[in-house]
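Input: a single structure, listed below in structure tokens.
Everything numeric in this text was worked out from a predicted model, so none of it was measured. Counting starts at 1 for both ligands and their atoms, following the listed order.
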Amino acid sequence: MSLLRTRAAVAPLRRQFDDALTALPSVDALVAVERPEEPMHCLRPAAIAEAAAGFVAGFPGEVLYAVKCNPEPTVLRAVWEGGVRHFDCASANEVALVRSMFPEAGIHFMHPIKARGAIRAAWGEHGVRDFVLDSAAELGKILAETGAGAAEGLGLFIRLAMPKGQAMLDLSGKFGAAPEEAAELLRAARPAAGRLGICFHVGSQMMDPLAWRNAMALAGEVIRAAGVPVEVIDVGGGFPVAYPGIEPPPLGAFFAEIEASFEALELPGVTLWAEPGRALVAGGGSVVLQVQARRGGELFVNDGVYGALSDAGVPGFTFPVRLIRPDAPASLAPEEGFVLWGPTCDSADRMKGPFWLPADTREGDWIEVGQLGAYGACLRTAFNGFDRARLVEVRDRPMLEAPADPEISLAA
Ligand SMILES: *Cc1c(COP(=O)(O)O)cnc(C)c1O
């Protein structure tokens with residue numbers, strides 16, 4: 001027996017309100033009743049299902065949800081509800097979670113560097129057939145650990161490196177094979193692949209549809225250079241959402257660019273895939289903070305960069321905020337741009353914002369921070385003992401609505 005024990009550092013978020021409270025329709029009603037002193041994570045499954053349905057309706061191919069973005073079971077169910085039937089997983093735990101919830105789902109292991117045991121479990125226990133790689137070494141690992149090939153339906157996807165782009169969160173530099181190497185890997189993988197694909201990620205919160213046009217052209221060159229047929233081009237994630245002062249083009253503009261650049265490649269028989277994360281779930285999550293102290297233009301709040309607000313730290317995202325003061329009429333004070341400090345003793349636990357709130361915001365007030373359904377709660381740590389949070393489902397609308405998208409019409 002192993003002497004090593006594994007332990008999760010962060011407890012899963014649990015619903016801590018009874019059903020009567022969970023059924024409360026709005027964040028304001030919950031705050032008024034519960035007066036939460038711990039960060040309160042609010043999920044809006046209806047908004048997530050709606051965003052997922054919009055993406056599925058508009059994207060000209062298969063849609064995989066990138067589970068890392070928010071693996072909360074309520075979120076996975078909402079994405080499923082919206083019509084998503086495929087999941088992009090990156091770890092053995094994500095694979096097992098999705099399989100336990102959706103026996104019928106397509107699960108795709110899209111991390112280019114996997115533990116051998118994770119490959120074995122995914123193939124042998126969870127019915128995963130598709131695996132990403134960006135090196136000959138990883139191809140060897142996948143073939144050895146699955147013991148499979150084309151006849152068993154093995155799917156192999158070559159991750160293509162992207163040049164450094166304009167995304168708010170650049171993902172170039174860590175994964176991906178350079179074009180010549182990618183072409184070689186396509187050739188090397190072809191005999192063992194029942195399904196062969198090429199994939200890329202242009203960077204997260206990518207605002208420019210042309211990034212996909214350029215990536216598609218590069219993928220086309222690599223496929224031509226390889227001289228072997230592929231079945232799938234996977235255009236990755238990175239689709240943007242709105243934040244204060246940031247209004248991306250509607251998703252339809254991205255889909256149109258992807259479709260046009262794909263058609264220009266003239267590759268009949270090839271299917272498009274996408275792996276959106278942020279675009280499906282950002283709007284469906286928010287966090288309610290409480291102000292514990294004020295110092296001039298700085299508010300000390302009960303969650304921060306070691307909690308659900310990681311992206312407000314070094315990445316410098318601003319999020320929509322609004323004041324909740326259950327016992328008083330709405331503040332009429334003009335808005336002021338505040339800096340937030342999280343609860344830990346680390347001076348890096350600082351969110352420069354600015355976060356625009358009424359100038360009379362004070363100790364005891366609550367603040368709802370919106371657009372946190374993506375890369376929020378899942379990045380929490382237990383640092384300094386601030387690991388408690390509560391989870392509720394609400395039925396009010398998200399703080400920022402997605403821009404109306406004339407390109408996408410949803411059947412009622
Ligand atoms: C993180 C990730 C995604 C999702 O990216 P978003 O920017 O959230 O859409 C998709 N695919 C891969 C391989 C990823 O690592």
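Trp80 and Phe87 have parallel rings, their planes meeting at less than 30° on a 0 to 90° scale where 60° marks the start of perpendicular.
Contact between Ala374 and ligand 1 is absent, with no heavy atom of the residue lying under 4.0 Å from the ligand. Distances shorter than 4.0 angstrom do not occur between any heavy atom of Met206 and any atom of ligand 1. At least one heavy atom of Tyr375 sits closer than 4.0 Å to an atom of ligand 1.
Neither the backbone nor the side chain of His111 comes within contact range of ligand 1; no heavy atom lies under 4.0 Å. With a heavy-atom cut-off of 4.0 Å, Asp88 touches ligand 1 through its side chain alone. Of all the heavy atoms of Ala66, the ones lying under 4.0 Å from any atom of ligand 1 belong exclusively to the side chain.
For Phe157 and Trp273, the ring centers are positioned less than 6.0 Å apart. Taking the six-membered ring for Trp, Phe319 and Tyr243 have ring centres closer than 6.0 Å. Trp212 and Phe262 have their aromatic ring centers separated by at least 6.0 angstrom. Between Phe59 and Phe255, the distance from one ring center to the other falls under 6.0 angstrom.
Counting the atoms of ligand 1 from 1 in the order shown, those under 4.0 Å from a heavy atom of Arg159 are 13 (C). Atoms of ligand 1 lying under 4.0 Å from at least one heavy atom of Arg278, given by number and element, are 6 (P), 8 (O), 9 (O). Remark: ligand 1 atoms within the under-4.0 Å shell around heavy atoms of Gly277 are 4 (C), 6 (P), 8 (O), 9 (O).
Counting only distance, with no hydrogens or angles, the side chain of Arg99 and the backbone of Ala105 share a donor-acceptor pair below 3.5 Å. In terms of modelled atom types and a separation under 3.5 Å, the side chain of His201 and the main chain of Gly203 share a donor-acceptor contact. Panel note: side chain Glu152, backbone Gly149; a donor-acceptor pair is recorded below 3.5 Å. Between the side chain of Arg120 and the backbone N or O of Glu145, no donor-acceptor pair lies under 3.5 Å.
Annotation: Ser204 places an N or O atom under 3.5 Å from an N or O atom of ligand 1; distance criterion only. The distance criterion of under 3.5 Å between nitrogen or oxygen atoms is met by Gly238 with respect to ligand 1. Between Gly203 and ligand 1, no N or O atom pair is found at a separation short of 3.5 Å.
Annotation: ring pair (Phe, Tyr, Trp, His ring centres under 6.0 Å) contacts of Phe175 (sequence neighbours excluded): His111.
If you check which protein heavy atom lies closest to atom 14 (C) of ligand 1, you get Lys68 NZ, 2.9 Å. The protein non-hydrogen atom at the shortest distance from atom 5 (O) of ligand 1 is His201 NE2, 3.0 Å. Given atom 13 (C) of ligand 1, the protein heavy atom at minimum distance is Glu275 OE1, 3.4 Å.
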